[in-house]
**Student:** 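Sharing a structure here in structure tokens format.
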Amino acid sequence: MRAVSVTRGGRPTRPGRVTLTAAAALLLTSCGGGSPARAVVSRVSAPRTVSIVCRSPALDGRLPARVYLPAGYGARGRRFPVVYFLHGLPAGPTSYTQNMFVARALASAHAAAIVVAPQGARSSDSDREYLDWSPAEDWPRAVSHDLTACVDRRFLTIAGRRGRALVGLSAGGYGAMDIGLRNLATFGAVESWSGYFVATDPSGYHVLKLPSAAAQRAAMVPRGPALAADLTHHPALIAFYVGSADDRFADVNQAYDATLRRQGIPHVFRLYPGGHSAALWHREAPSWLTMALTFLASGRTILRRP
């Protein structure tokens, strides 16, 4: 069944690309809030969330993020891997605060990791597709450099590519693949949940028309010999899935899978029952997050059913 578009602020939105609020509310209620300073000083073992603002020259100054700290954070100086999670678009400027269902999925899988959910949209535009628009709005640089450096300075992270996964859903899945596969020296695992492989307009049905051929190429997720060569130096998990009833993105996911198979590039792809929906993302989150963390820790690719 074709999803029905809704309107927010007079602009069309992509159903399923908006962020998820119910699970976030549950997490924030159970974990509470706090400041980064309190997170460092406190030695309580309960999981909790903090809000931070990172300095980001790539975004003309500031990049807010919501950070989930797992149970046991701070005890004996233990360091944790980090899952950087990109939300769907179009979205509002506070949508990044509403995707911490990822942390609940990690807890349900008994996996310990920090989750960082950065802001992916500003008030001036709800659908920037995580692209490099200008020196003052370079989302790939902001995510891969400014954000990771900020988080490594402030928290007890495994500060290296073997401690970082970049994951996203829908437009965030596209952003994770496009940014992550261009920055394999930074991220050791890259996952897309119901994403796509070239920037789209807000409807999700049409390729975004950009002002130059170079910009158009940069908006296409890497593949081919250049990606294969990069993987020889920086082995990484490349993993993506889509719902079989997703009328916008099922075909493009299957096509990208076929391309990587022809090119001999190792990856994980699954086609699941379901559409472009929160039900699918919630159901698969524990097993896909566990797969990313297992690969970071051991280099093994294991996808367990929840």
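Note that the structure is a prediction, hence the values are computed from the model and not measured.
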**Student:** Please give me the minimum heavy-atom distance between Ala236 and Leu184, naming the atom from each residue.
**Tutor:**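 Closest approach of Ala236 to Leu184: CB-CD2, 3.8 Å.
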**Student:** Give a yes or no on whether the ring-centroid distance for Phe240 and Phe197 is below 6.0 angstrom.
**Tutor:**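 Distance test on ring centres: under 6.0 Å, yes.
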**Student:** With distance as the sole test, does Gln119 use its side chain to make a donor-acceptor pair with the main-chain N or O of Tyr96 at under 3.5 Å?
**Tutor:**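 Absent.
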**Student:** Of all heavy-atom pairs between Tyr73 and Leu156, which one has the smallest distance, and what is that distance?
**Tutor:**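 Smallest heavy-atom distance, with atoms named: OH-N, 2.8 Å.
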**Student:** Are Gln216 and Ser212 close enough that some pair of their side-chain heavy atoms sits under 4.5 Å apart?
**Tutor:**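 Side-chain contact under 4.5 Å: no.
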**Student:** Looking only at heavy atoms, which two atoms of Ala250 and Ser244 are closest? And how far apart?
**Tutor:**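 Answer, listing the atom of Ala250 first, then Ser244: CB-O, 4.1 Å.
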**Student:** Is any side-chain heavy atom of Val67 closer than 4.5 Å to one of Val115?
**Tutor:**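 No, side chains not in contact.
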**Student:** Just grab all the salt bridge (charged side-chain N to carboxylate O under 4.0 Å, His left out) pairs involving residues 213-233, residues at least two apart or on different chains.
**Tutor:**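 Those involving residues 213-233 do not exist here.
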**Student:** Quick check against the 3.5 Å criterion: does Arg66 have a side-chain atom that pairs as donor or acceptor with the backbone of Pro118?
**Tutor:**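 No: the side chain of Arg66 does not pair with the backbone of Pro118.
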**Student:** Check the pair Tyr130, Leu86 against side-chain contact (heavy atoms from CB on, under 4.5 Å), reporting the backbone distance first and the verdict last.
**Tutor:** CA-CA 9 Å; Tyr130 297 100; Leu86 304 184; 3.8 Å; yes
**Student:** Does Leu271 share a hydrophobic cluster with Phe249, counting links as ILVMFWY side-chain heavy atoms below 4.5 Å and allowing steps through other members?
**Tutor:**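 Leu271 clusters together with Phe249.
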**Student:** If Ile, Leu, Val, Met, Phe, Trp and Tyr residues are connected whenever their side-chain heavy atoms lie under 4.5 Å apart, and connections chain through other members, are Leu59 and Val53 in the same group?
**Tutor:**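 Unlinked, Leu59 and Val53 end up in two clusters.
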**Student:** Testing the basics here: between Ser192 and Tyr196, what is the closest heavy-atom pair and its distance to 0.1 Å?
**Tutor:**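 Closest approach of Ser192 to Tyr196: OG-N, 4.4 Å.
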**Student:** Tell me whether the centres of the aromatic rings in Phe85 and Trp193 are closer together than 6.0 Å.
**Tutor:**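 Close enough - the centres of the two rings lie under 6.0 Å apart.
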**Student:** Applying a strict under-4.5 Å side-chain criterion to I, L, V, M, F, W and Y, I'd like to know whether Val242 and Val252 cluster together.
**Tutor:**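 In one cluster with Val242: Val252, yes.
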**Student:** State, with a plain yes or no, whether a side-chain heavy atom of Phe155 is found less than 4.5 Å away from one of Ile52.
**Tutor:**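 Contact flag for Phe155/Ile52 side chains = yes.
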**Student:** Roughly how far, to the nearest 0.5 Å, is CD of Gln254 from CG of Asp251?
**Tutor:**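 Reported value, rounded in 0.5 Å steps: 6.0 Å.
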**Student:** Please report the shortest heavy-atom distance between Ala105 and Leu289, naming the atom on each side.
**Tutor:**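 Nearest pair, atom of Ala105 first, then Leu289: CB-CD1, 3.9 Å.
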**Student:** Should Leu63 and Trp133 be regarded as members of a common hydrophobic cluster, given that ILVMFWY residues are connected when their side-chain heavy atoms come within less than 4.5 Å of each other, either directly or indirectly?
**Tutor:**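 Yes, Leu63 connects to Trp133 through the hydrophobic network.
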**Student:** Please walk me through it: do Ser194 and Leu169 pass side-chain contact (heavy atoms from CB on, under 4.5 Å)?
**Tutor:** CA-CA 6 Å; Ser194 301; Leu169 64 81; 5.8 Å; no
**Student:** Are the side chain of Glu191 and the backbone of Ile238 linked by a donor-acceptor contact shorter than 3.5 Å?
**Tutor:**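 Not a single qualifying donor-acceptor pair exists.
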**Student:** Once you round to the nearest 0.5 Å, how far does OG of Ser287 lie from CD of Glu284?
**Tutor:**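 Ser287 atom OG to Glu284 atom CD measures 4.5 Å (nearest 0.5 Å).
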**Student:** Run Asp246 and His276 through side-chain hydrogen bond (donor to acceptor under 3.5 Å, both in side chains) and show every step you take.
**Tutor:** CA-CA 5 Å; Asp246 190 328; His276 200 80; 2.6 Å; yes
**Student:** Say whether, by atom type as modelled, one donor and one acceptor occur between the side chain of Tyr174 and the main chain of Val221 under 3.5 angstrom.
**Tutor:**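 No, the answer is negative, given that no donor and acceptor are paired below the 3.5 Å cut-off.
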**Student:** Mind checking the CE-CG spacing from Met100 to Leu106? Nearest 0.5 Å is all I need.
**Tutor:**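 CG of Leu106 is found 9.0 Å from CE of Met100.
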**Student:** Using the side-chain contact (heavy atoms from CB on, under 4.5 Å) definition, which of the options Leu296, Val268, Ile302 pairs with Met291?
**Tutor:**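 The option that passes is Val268.
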**Student:** Okay, side chain of Ser298, backbone of Phe295: is any donor-acceptor separation there less than 3.5 Å?
**Tutor:**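 No.
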**Student:** If you measure from CG on Leu89 to CG on Asp127, what distance do you get to the nearest 0.5 Å?
**Tutor:**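 One gets 5.0 Å once the value is rounded to the nearest 0.5 Å.
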**Student:** Could you go through the side-chain contact (heavy atoms from CB on, under 4.5 Å) check for Leu208 and Thr200 one step at a time?
**Tutor:** CA-CA 4 Å; Leu208 186 64; Thr200 73; 5.6 Å; no
**Student:** If only atom types and distance count, is the side chain of Glu129 paired as donor or acceptor with the main-chain N or O of Ala199 below 3.5 Å?
**Tutor:**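 Looks like no, no N/O pair under 3.5 Å.
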**Student:** Partners of Ala218 by side chain to side chain contact (heavy atoms under 4.5 Å, CB included), sequence neighbours excluded?
**Tutor:**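 Counting only residues at least two positions away or on another chain, Ala218 forms no side chain to side chain contact (heavy atoms under 4.5 Å, CB included).
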**Student:** Does Arg161 use its side chain to pair, donor to acceptor, with the backbone of His234 at less than 3.5 Å?
**Tutor:**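 At least one qualifying donor-acceptor pair exists.
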**Student:** Give a yes or no answer on whether the side chain of Asp146 reaches the backbone of Ala58 with a donor-acceptor pair at less than 3.5 Å.
**Tutor:**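 Yes: the side chain of Asp146 pairs with the backbone of Ala58.
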**Student:** Does any non-hydrogen side-chain atom of Tyr84 lie less than 4.5 Å from one of Leu147?
**Tutor:**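 Heavy-atom side-chain distance check passes, below 4.5 Å.
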**Student:** Who passes salt bridge (charged side-chain N to carboxylate O under 4.0 Å, His left out) against Arg261, sequence neighbours left out?
**Tutor:**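 Partners of Arg261 under the salt bridge (charged side-chain N to carboxylate O under 4.0 Å, His left out) test: Asp257.
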**Student:** Would you say His267's side chain and Ile265's backbone share a donor-acceptor pair under 3.5 angstrom?
**Tutor:**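 At least one qualifying donor-acceptor pair exists.
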**Student:** Are there more than 12 heavy atoms of other residues, nucleotides or ligands under 6.0 Å from atom CZ of Arg62?
**Tutor:**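 Atom CZ in Arg62 is not crowded, with 12 or fewer foreign heavy atoms closer than 6.0 Å.
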**Student:** If you compare all heavy atoms of Ala121 against all heavy atoms of Ser126, which two are closest, and at what distance to 0.1 Å?
**Tutor:**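 Taking every non-hydrogen atom into account, CB-O, 4.0 Å.
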**Student:** List the steps and the verdict of side-chain contact (heavy atoms from CB on, under 4.5 Å) for Phe80 and Ile158.
**Tutor:** CA-CA 5 Å; Phe80 294 84; Ile158 298 173; 5.8 Å; no
**Student:** Checking Ser95 side chain against Ala91 main chain: does a donor-acceptor pair fall under 3.5 Å?
**Tutor:**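 Not confirmed, Ser95 side chain does not pair with Ala91 backbone.
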**Student:** Hey, what do you get for CG (Asp178) to CZ (Arg182), rounding to the nearest 0.5 Å?
**Tutor:**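 Answer for the CG-CZ pair, Asp178 versus Arg182, is 4.5 Å.
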**Student:** Centre of Trp139's six-membered ring, under 6.0 Å away, within 45 degrees of the axis: is that where NZ or CZ of Arg128 sits?
**Tutor:**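 Geometry flag: not set, cation outside 6.0 Å or 45°.
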**Student:** Starting at CE of Met220, measure out to CG of Leu210 and round the result to the nearest 0.5 Å.
**Tutor:**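 Spacing of CE (Met220) from CG (Leu210) equals 11.0 Å.
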**Student:** Does the side chain of Ser108 reach to within under 4.5 Å of the side chain of Pro286, using non-hydrogen atoms?
**Tutor:**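 Side-chain contact under 4.5 Å: yes.
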**Student:** May I ask whether Val83 and Leu303 are part of the same hydrophobic cluster, defined by side-chain heavy atoms of I, L, V, M, F, W, Y residues being less than 4.5 angstrom apart, directly or through others?
**Tutor:**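 Yes.
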**Student:** Measure the shortest side-chain to side-chain distance between Tyr68 and Val116 over non-hydrogen atoms and say whether it is less than 4.5 angstrom.
**Tutor:**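 Answer no - side chains too far apart.
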